[in-house]
Q: 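The structure is given below, and queries will be raised subsequently.
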Amino acid sequence: MQKKDCVAMILAGGQGSRLGSLTKKLAKPAVPFGGKYRIIDFALSNCHNSGIDTVGVLTQYQPLALHSYIGMGSAWDLDRKDGGVFMLPPYAREQGAEWYKGTADAIYQNINFIDMMNPNYVLVLSGDHIYTMDYAHMLNYHIMKKAEATISVMRVSWEEATRFGIMNTADNGRIIEFQEKPAQPKNNLASMGVYIFNWKTLRRYLEDDARDVASKHDFGKNIIPKMLLNGQRMVAYQFAGYWKDVGTVESFWEANMDLLNDEPELDLYNPNWKIYSVNPTRPPQQITATAKVSQSLISEGCTICGEVEHSVVFPGVHIGEGAKVKNSILMPYAYVEPYAEIDKVIVGRRSLIERSAKIGSSDAEIIVINENTVIPCESDIKHNGMVPKRQVG
Amino acid sequence: MQNVMGIINLNGDEKLLKEITECRPLAAVPFGGRYRVIDFVLSSMVNSGIENVGILLHDKYRSIMDHLRSGKEWDLARKSDGLFILPSGQPRLPGSKLGDVDNLYHNLDYLENSRQQYVLLSGSSMVCNINYRKAFKYHQDSGADITILYKEMAENEGEQAEGMSLILDDTGRMLDMSFVSKTLGVKRMSMDMYILKRELLIEFVKECKSVGDTNLIRDGFYKNRDKLKIYGFQYKGYFANIHSLQSYYKHNMELLKVDKWQDLFMKAGLVYTKVKDEAPAKYQESAKVANTMVANGCIVGGRVENSILFRGVKVHKGAYIKDSIIMQKCEIAENAIVENVICDKDVQITAGKWLKGEKNYPLFVEKGTVV
C-alpha cells in the first residue's frame, strides 16, 4: 500500500429517525434524492471530484442497501488498485463486539484501517448532506494555515444558528470558541460536519477519548471542545454555496423542491463537477402526446401520460393519462394510474396509486406513502394517518 | 449459450447513410435517445448468456473504441473471455476490395484460440432486442450447418426494406438468397446474423482467403448453399434495419410509440450503453413537451413535439422543435425553430434561426456545426 496524503472517512451509519418511514429499511445516506441519486452520492462524488481516491464508509444502521449500492465503488471511480472504497461496519474482536458508540468512536474503531493507509490527513465527512464542495481546496487551506484541525463552516440565519454547532473565530480564521446548539449564539458560522485533521494528532485524541468513560465519543461534543481546550491550532474554512442536512421529512422535501427552480443553487448539470451514482439501465423517458410537464425533474425509464408540475420523478415511474402530480416526489417504479391526483406527496418505491385516488393538498402536511403500498381506487387521503399500510406481494 | 461466442462485424455498406457515418462506423451511430446502434446486438448477446464477443473493426474506429472501452457496461470486462477488439490488418484504401474475409483471416488467432464450439456472427446495421437462446436451440435441433436469422416483413414494411431476402422451403431450409432494393420488396429479410460451428467458420475463412475471395457471406456461405444445410430462423420481436438516413429517421421516430418503445427497450432484456452520469432531465416552467423521448441531462425550456432528445440537450425558452432528432449535447437557442431535422452531436442552433427539412427527406446538420 502506498502512503496516502488524505483519506476520507464518511459517517454513514445514522438512522435518521426523523425521516420516518423513508428510513425504515435503509440508512439515511441511502435515501433516494433528486430524481436519480442517493444522498451519499454527493459526499462520494465530492471525494472523486476532489481527487481523493481512498474512502472509508462507516455503516451501522440498516447497511444492506448501502453496501449493495456502493459495491466496490466503480460508479464513483473508486474501484482502485491502490486505495478505493472500503465499507467499514462494526466488527467483532478478541474482547467481543461493539457497536459504534458515536462519530468519534466509529473512527477510533477503524484506527487500523487508517494506519494501514498511513495518511497525513484524515477528512471526516457526513454521508447525509447535500452539497458540492472541493475538499482539495479545503485541504490546501488546512496546510497553508498549519492547522491541526480545520472545520468547514457556513453562515446560517440567526434563527437557525441555535440548531447548529457554532464557531467563534478570530480575524485570522482561528477558532476560539465552539458552542454546540447554543440558545444565545454569538456568531452565525455553523459547522457543516466536515473536518480535516492531522492524523497523528487526531489519533492521539481518539485514543484518549476512548478511555474516557464519561465521553459521548462525538466529534462535536467531545473531540473538538477537547482540542480547543488544549489550545490546538484549529481554523474555520468558510464555505459559500448550497448545503443542506436533510434531517426531517420537511427538509428532505424542500431540498428536492429546491432543485426545480430554473436556476437552482445546487447545479446538477455542471460538467466539471458531476454527481455520480449507480445508473439504472433504462431507456429515455417517454412524454406522450397527452402529457404536460413543467418545473420538474424526470429520470430515465419513465412513461408520462398525465400532468406533472413541480415534482421530482425517479426512474421507471409511470404516470397515467389524466393523472395530476404536483409538488411531489415519486420514488423509483412508482405507478400512478389514470385520473389519480396527488399533491405534496412522497410516493415510495414500487407503490401503486390506483385510478382516481386523491392524495394530499399543497397547503396541508407532506404525506408519505411507504414502498410497495397500494392506495385503492377513489380513496381520498388528506393526512398521513389515513395512509393504508397494505403492501403489495 | 456459454458454448457460443459472438462476433459483430462492422464491415458493412454505409454509403446510403451519408454524413452520419462520415466520422464513425454505422455501429457507433447514436440511436434511440441514448444508445449507439451496436448496443442492441451487443446487449442481446450478453443477455442471452454469450460471454465472449469479438468486434471486427474496419475503419473510422475511434468512436466505437471510445464507446466500448473495456466492455464493462456490458459486463464484458472479464478475466477470461469478455470483449475483444479485432482490428483489420491494413487500412482500407478508397476503392480497394478488402472485405470481411481479410479481416477475419487477420484475426484467425482469436477464432482458433476461443474455446466456444459455436459462433454467432452478426452484422452491425440491425436494431433489435433478441434472446438468441431460441435460435441456438433451433440450430442444434435442426442439425443445420448454418442458421440465418430472419424477420418476416409486413407487406408495407417490405417495400421499403433493403437487404438480403431469403427464400426458404417448407422445412425452413434456405433455397436461395438475393439482394433486394426498394423496388422489389422483401418477404423474409435476413438479419445478417448467422449461427455456425466455429471450426466451420475457420474453414470458410481459410478457403476464401486461399482463392482470393473477399466476402464471407457471398463467397463462403452463398456459393456453398447446395452443399450446406442452411436454415432460417424466424425472429418475431422489434426489428429495424438502418441502411439509409431515411430509415434511420423513420426507425427512431417509431420509438415514440409506447408499444415499440417497450418492445425494443424492455421485452427480451435491458439494453446497456456507456453511462454518462447525467442528471435527470429538467423541465423548466416554460417547457411544453408532447410525444417526445427525452434522455437524462436535458434541460428543456422550450416547446418540443414528436422528437427525440439525446443526452444533455439544451432547449432554450421560446425554441420550437418538431419531428426532429437532436443528438447529444446540442443546444437550441431562444426562438429557434427546428423541423424535420437530424442534428448530429454538439450542434448549436443560434437564436432565432429557422431550419426545416421534409418528412421524407430530413435535413441533416453535421457534428459540431454552429448554425
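Numbers restart at 1 for each chain; the letters A, B, ... are given by sequence-line order, proteins then strands.
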Q: With a 4.5 Å heavy-atom cut-off (strictly below), which parts of residues 281-293 of chain A touch chain B? List them by number.
A: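 Counting heavy atoms that sit under 4.5 Å from chain B, the residues of residues 281-293 of chain A involved are A:Thr281, A:Arg282, A:Pro283, A:Pro284, A:Gln285, A:Gln286, A:Ile287, A:Thr288, A:Ala289, A:Ala291, A:Val293.
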Q: Could you grab the distance from atom OH of A:Tyr37 to atom CG of B:Asp277, nearest 0.5 Å is fine?
A: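 CG of B:Asp277 is found 8.0 Å from OH of A:Tyr37.
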Q: Between A:Asp262 and B:Glu285, what is the shortest heavy-atom contact and its length?
A: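 Heavy-atom minimum between the residues: OD1-N, 3.5 Å.
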Q: By a 4.5 Å heavy-atom criterion (distance strictly below it), what part of A:Asn279 contacts chain B: side chain, backbone, both, or neither?
A: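 Side chain only.
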Q: Can you name the residues of residues 296-315 of chain A that have some heavy atom under 4.5 Å away from a heavy atom in chain B?
A: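 Counting heavy atoms that sit under 4.5 Å from chain B, the residues of residues 296-315 of chain A involved are A:Ser296, A:Leu297, A:Ile298, A:Ser299, A:Glu300, A:Gly301, A:Cys302, A:Thr303.
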Q: With a 4.5 angstrom heavy-atom cut-off, is it the side chain or the backbone of B:Tyr35 that approaches chain A, or both, or neither?
A: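 When you check distances to chain A, only side chain atoms of B:Tyr35 fall under 4.5 Å.
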Q: B:Val271 versus chain A, heavy atoms under 4.5 Å apart: side chain, backbone, both or neither?
A: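 Looking at B:Val271, just its backbone touches chain A.
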Q: Using the side chain to side chain contact (heavy atoms under 4.5 Å, CB included) rule, take A:Tyr269 and B:Lys282 through it: C-alpha gap first, then chi angles, then the decisive distance, then the call.
A: CA-CA 10 Å; A:Tyr269 300 86; B:Lys282 168 114 183 232; 3.1 Å; yes
Q: Side chain, backbone, both or neither: which part of B:Lys257 has a heavy atom under 4.5 Å from chain A?
A: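 The backbone, not the side chain.
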Q: Just by distance, do the side chain of A:Lys274 and the backbone of B:Ala279 share a donor-acceptor pair under 3.5 Å?
A: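 No; zero donor-acceptor contacts below 3.5 Å.
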Q: Mind listing the closest non-hydrogen atom pair of A:Gly34 and B:Pro280 along with its distance?
A: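 The pair with the smallest heavy-atom distance is O-CG, 3.4 Å.
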Q: I'd like to know whether NZ of B:Lys314 has more than 12 heavy-atom contacts from other residues, nucleotides or ligands below 6.0 angstrom.
A: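 Atom NZ in B:Lys314 is not crowded, with 12 or fewer foreign heavy atoms closer than 6.0 Å.
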Q: Relative to chain B, which segment of A:Leu268 carries a heavy atom at a distance below 4.5 Å: side chain, backbone, both, or neither?
A: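 When you check distances to chain B, atoms from both the backbone and side chain of A:Leu268 fall under 4.5 Å.
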Q: Is it the side chain or the backbone of B:Ile299 that comes within 4.5 Å of chain A heavy atoms, both, or neither?
A: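 For B:Ile299, the contact with chain A is made by the side chain alone.
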